[in-house]
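Below is one structure, written out as structure tokens, with a few remarks after it.
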Amino acid sequence: MIQKEQVIEAIKQVYDPEIPVDIYELGLIYDITILPLNNIEILMTLTSPNCPAADVIPSQVEEKVKAIEEVNAVNVHITFEPPYTIDRMSEAAKLELGFA
């Protein structure tokens, strides 16, 4: 069975091209669900609806998670509810970006 930590580590390889912090630490990942047959559902957001990397980031998330051995399928869903705020960032991300 795939572990959530494996999925998180894969997602941490994806960066917003304009921000030097991975998208997990930025707080863009809202939910990770591991379903039967090692299918993975990921609910995420972007820093804004007009994000220039809106096509790139979700496909990179899918690619990195699919690379985990035994993962069958990955579905990445984008939502803007609740809206993204910097409060979702980890303390490490806030320090890196000068918000702490």
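Hydrogens, waters and symmetry mates are skipped; everything else that's a heavy atom, side chains included, is used.
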For residues 10-21, which side-chain donor-acceptor pairs fall under 3.5 Å, sequence neighbours excluded?
residue	atom	partner	partner atom	Å
K12	NZ	E25	OE2	3.0
D16	OD1	E18	N	2.9

Under 3.5 Å donor-acceptor pairs involving side-chain atoms of residues 45-58, not counting sequence neighbours:
residue	atom	partner	partner atom	Å
T45	OG1	T79	O	2.7
S48	OG	N50	N	3.2
S48	OG	C51	N	3.3

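The backbone N or O of I42 sits nowhere less than 3.5 Å from a side-chain atom of Y30 that would complete a donor-acceptor pair. For Q6 (side chain) and Q3 (main-chain N/O), a donor-acceptor pair under 3.5 Å exists by modelled atom type.
In this structure K94 satisfies the salt bridge (charged side-chain N to carboxylate O under 4.0 Å, His left out) test together with E91, sequence neighbours excluded. For K66, the salt bridge (charged side-chain N to carboxylate O under 4.0 Å, His left out) partners two or more places apart in sequence, or in a different chain, are E62. Applying the side chain to side chain donor-acceptor pair (under 3.5 Å) test to N39 and every residue at least two apart in sequence or in another chain returns N72. Residues passing the side chain to side chain donor-acceptor pair (under 3.5 Å) test with T33, sequence neighbours excluded: D31.
The minimum heavy-atom distance between V76 and M44, with the atom names listed, is CG1-SD, 3.7 Å. Pairing each heavy atom of R88 with each of I29, the nearest pair is NH2-O, 3.4 Å.
How far CD1 of I2 is from CD1 of I34: 7.0 Å, rounded to the nearest 0.5 Å. With values rounded to the nearest 0.5 angstrom, L26 atom CG is found 5.0 Å from L28 atom CG.
Hydrophobic cluster membership is shared by V61 and L43, with clusters built from Ile, Leu, Val, Met, Phe, Trp and Tyr side chains linked at under 4.5 angstrom. Placement of I8 and V65 within a single hydrophobic cluster is found when ILVMFWY residues are connected by side-chain heavy-atom separations under 4.5 Å, directly or transitively. Cluster annotation: I23 and L95 are assigned to distinct hydrophobic clusters (Ile/Leu/Val/Met/Phe/Trp/Tyr, side-chain heavy-atom contacts under 4.5 Å, transitive). Both M1 and I68 are assigned to one and the same hydrophobic cluster, defined by single-linkage of ILVMFWY side chains at heavy-atom distances under 4.5 Å. With hydrophobic clusters built from ILVMFWY side chains whose heavy atoms lie under 4.5 angstrom apart, Y84 shares a cluster with F80.
Using a 4.5 Å cut-off on side-chain heavy atoms (C-beta onward), I40 and N75 make no contact.
Within 6.0 Å of atom OH in Y24, 12 or fewer heavy atoms from other residues, nucleotides or ligands are found, so the atom counts as exposed in its surroundings.
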